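Given the structure is predicted, the values throughout are model-derived calculations rather than measurements. A note on names: the letters A, B, ... follow the listed sequences, proteins ahead of strands, and every chain is numbered from 1.
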2 protein chains.
Amino acid sequence: MCMQLNPKYKTIFKEALEISSLKPTKQREHIFSLILNKKDHPTADEIFTRSRETMPSISLATVYNCLETLVESGLIRQVNFERESTRYCPNLKPHAHFHCKKTGAICDVDLPVSIFNSLKKHLPKNFQPEQIDINFNGSIHKTKNH
Amino acid sequence: MCMQLNPKYKTIFKEALEISSLKPTKQREHIFSLILNKKDHPTADEIFTRSRETMPSISLATVYNCLETLVESGLIRQVNFERESTRYCPNLKPHAHFHCKKTGAICDVDLPVSIFNSLKKHLPKNFQPEQIDINFNGSIHKTKNH
DNA sequence: AAGTGTAATTAGAATAATTCTAAATTAATT
DNA sequence: AATTAATTTAGAATTATTCTAATTACACTT
Ligand SMILES: [Mn+2]
Ligand SMILES: [Mn+2]
Ligand SMILES: [Zn+2]
Ligand SMILES: [Zn+2]
């Protein structure tokens, strides 16, 4: 039983792939819906494991292929921390990532576009940024609820 | 003939290692001076190749060990782009990195501390950042000098 | 000076995320 | 149905990095 995209995302999905004349295959849709439905930042291997629960025949190579396709189509983002496995993020709003070194937790940090604009102002005129990655590393303290 | 650190950096080097009771070995000093003297962003393998020119007996494992030590001592920084090899940066001032996808060039982009402070303001109160990595990806346009 | 103990270095094996290759499958088109 | 191109698949290959275990260097004691 494959994951289903809701109609809104189904349209976004099809149109994004169509722009590059790529096909909306069931593997691509399955992986996209897995990432959309659980809004964490899974690795390719975690996505592979989750995929097999409902699509047991999918291969790891296909997971990698689909993820590459989804990233190139702008449907998801890649997130990298140091040399760890690449992670994938369905949040397309401007945001940064916070990586807790103690627990491994990864959190989205929403940022106003103004910060990205102000960062761009510090570049020489001939530098054309396509993407800006902002990663916080540190720790998340437990808040005491006594 | 090993690389020599100038007296100012020699003191910084020794003191930084001493804090963690690590020894200022000639391999560690050699690698630190190589990185300081050519202010690019070399990979471990590039550093290994350069090291052997003047210290032919050094091993790749030692290069990795020394780099880890230098990073932990705060003498150099690690820089990562996507899944590429880790690179090393001697610039300890607050700055970002620009990665040109066409040429592979990597440039330091100096930033005022105020930008880092303003980024920190968007974190929840219980998030304690230790480091903030800012990476630009894009392309550097040649400026025409007619 | 010789001996002891610890840290650092070394060579090579192991690891693991990702990419590659080539064959099989699927889907669209004639 | 036959042809073609895109996609998926299994497994091999790649490669940056880490690990292991042996050797070396060096500070400290006798
Ligand atoms: Mn290992
Ligand atoms: Mn290969
Ligand atoms: Zn995210
Ligand atoms: Zn730098």
### Query
Which is it for A:Leu5 and A:Lys14 under the side chain to side chain contact (heavy atoms under 4.5 Å, CB included) test, yes or no, and what are the steps along the way?
CA-CA 11 Å; A:Leu5 285 173; A:Lys14 285 190 169 167; over 6 Å; no
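- No donor-acceptor distance shorter than 3.5 angstrom exists from the side chain of B:Arg28 to the backbone of B:Leu70, with no hydrogens or angles considered.
- Nucleic acid contact class of B:Thr62 (heavy atoms, under 4.0 Å, all strands): base.
- Relative to the axis of its first five pairs, the axis of the last five pairs of the helix from C:dA1-D:dT30 to C:dT30-D:dA1 sits at 10°, rounded to 10 degrees.
- Within residues 39-53 of chain B, no residue is approached by DNA chain D to less than 4.0 Å at the level of any non-hydrogen atom.
- Between atom NZ of residue B:Lys125 and atom CD1 of residue A:Ile140 there is a gap of 12.5 Å, rounded to the nearest 0.5 Å.
- Using a 4.0 Å cut-off, some side-chain N or O of A:Thr25 falls inside it from OP1 or OP2 of D:dT8.
- Considering only residues two or more places apart in sequence or on other chains, A:Asp45 meets the salt bridge (Lys or Arg N to Asp or Glu O under 4.0 Å) condition with none of them.
- For B:Leu17 and C:dA8, the CG to C1' distance is 12 Å, given to the nearest whole Å.
- Nearest to the side-chain atoms of A:Ser57 among the listed nucleotides C:dT18, D:dT9, D:dT17 stands D:dT9.
- When atom types are taken as modelled, the side chain of A:Asn135 and the backbone of A:Asn80 share a donor-acceptor pair closer than 3.5 angstrom.
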### Message
Let's go through B:Arg83 and A:Thr86 carefully: what are the C-alpha distance in whole Å and the side-chain angles of both, what is the deciding distance for side chain to side chain contact (heavy atoms under 4.5 Å, CB included) to 0.1 Å, and is it a yes or a no?
### Response
CA-CA 8 Å; B:Arg83 299 284 313 159; A:Thr86 296; 2.9 Å; yes
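- Residues satisfying the salt bridge (Lys or Arg N to Asp or Glu O under 4.0 Å) criterion with A:Asp108, sequence neighbours excluded, are absent altogether.
- A straight line from CZ of A:Arg83 to P of D:dT17 spans 4 Å, rounded to a whole angstrom.
- If you take CE of B:Met55 and P of D:dA25, they are 12 Å apart, rounded to a whole angstrom.
- Rounded to whole Å, the distance from CG on B:Leu22 to C1' on C:dT9 is 14 Å.
- Spacing between atom CG of B:Leu60 and atom P of C:dA14 amounts to 17 Å, rounded to whole angstrom units.
- In this structure, B:Phe13 and B:Phe32 approach most closely via the heavy-atom pair CD1-CD2, 3.6 Å.
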### Task
Evaluate side chain to side chain contact (heavy atoms under 4.5 Å, CB included) for A:Leu75 paired with A:Tyr9, printing each intermediate quantity in order.
CA-CA 10 Å; A:Leu75 292 165; A:Tyr9 277 109; over 6 Å; no
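- Across all non-hydrogen atoms, the minimal contact from B:His122 to B:Ser118 is ND1-O, 3.0 Å.
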### Task
For side chain to side chain contact (heavy atoms under 4.5 Å, CB included), just list the numbers for B:Val79 and B:His99, CA-CA rounded to whole Å, side-chain angles, deciding distance to a tenth of an Å, and then say yes or no.
CA-CA 11 Å; B:Val79 186; B:His99 189 213; over 6 Å; no
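- Counting to the nearest Å, the C1' atom of C:dT10 and the CD1 atom of B:Ile31 are 13 Å from each other.
- Residue B:Gln27 is in sugar-phosphate contact alone, with no base atom involved, counting any heavy-atom pair closer than 4.0 Å across all strands shown.
- In this structure, CG of B:Asn80 is placed 11 Å from C1' of D:dA16, rounded to the nearest angstrom.
- Of the residues in residues 63-77 of chain A, those with a non-hydrogen atom less than 4.0 angstrom from any atom of DNA chain C are A:Tyr64.
- Proximity of A:Pro124 to B:Phe98: side-chain heavy atoms (C-beta onward) are nowhere separated by under 4.5 Å.
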### Message
Can you build the contact string for nucleotides 21-30 of chain C? Use B for base contact, S for sugar-phosphate-only contact, and - for no protein heavy atom under 4.0 Å.
### Response
----------
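- Spacing between atom OH of B:Tyr88 and atom P of D:dA16 amounts to 12 Å, rounded to whole angstrom units.
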### Message
Quick one, A:Glu29 with A:Lys10, criterion salt bridge (Lys or Arg N to Asp or Glu O under 4.0 Å). Give me CA distance, side-chain angles, the key distance, then yes/no.
### Response
CA-CA 8 Å; A:Glu29 176 173 353; A:Lys10 189 114 177 178; 3.0 Å; yes
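- In this structure, B:Arg50 CZ and B:Ile35 CD1 are separated by 8.5 Å, a value rounded to the nearest 0.5 Å.
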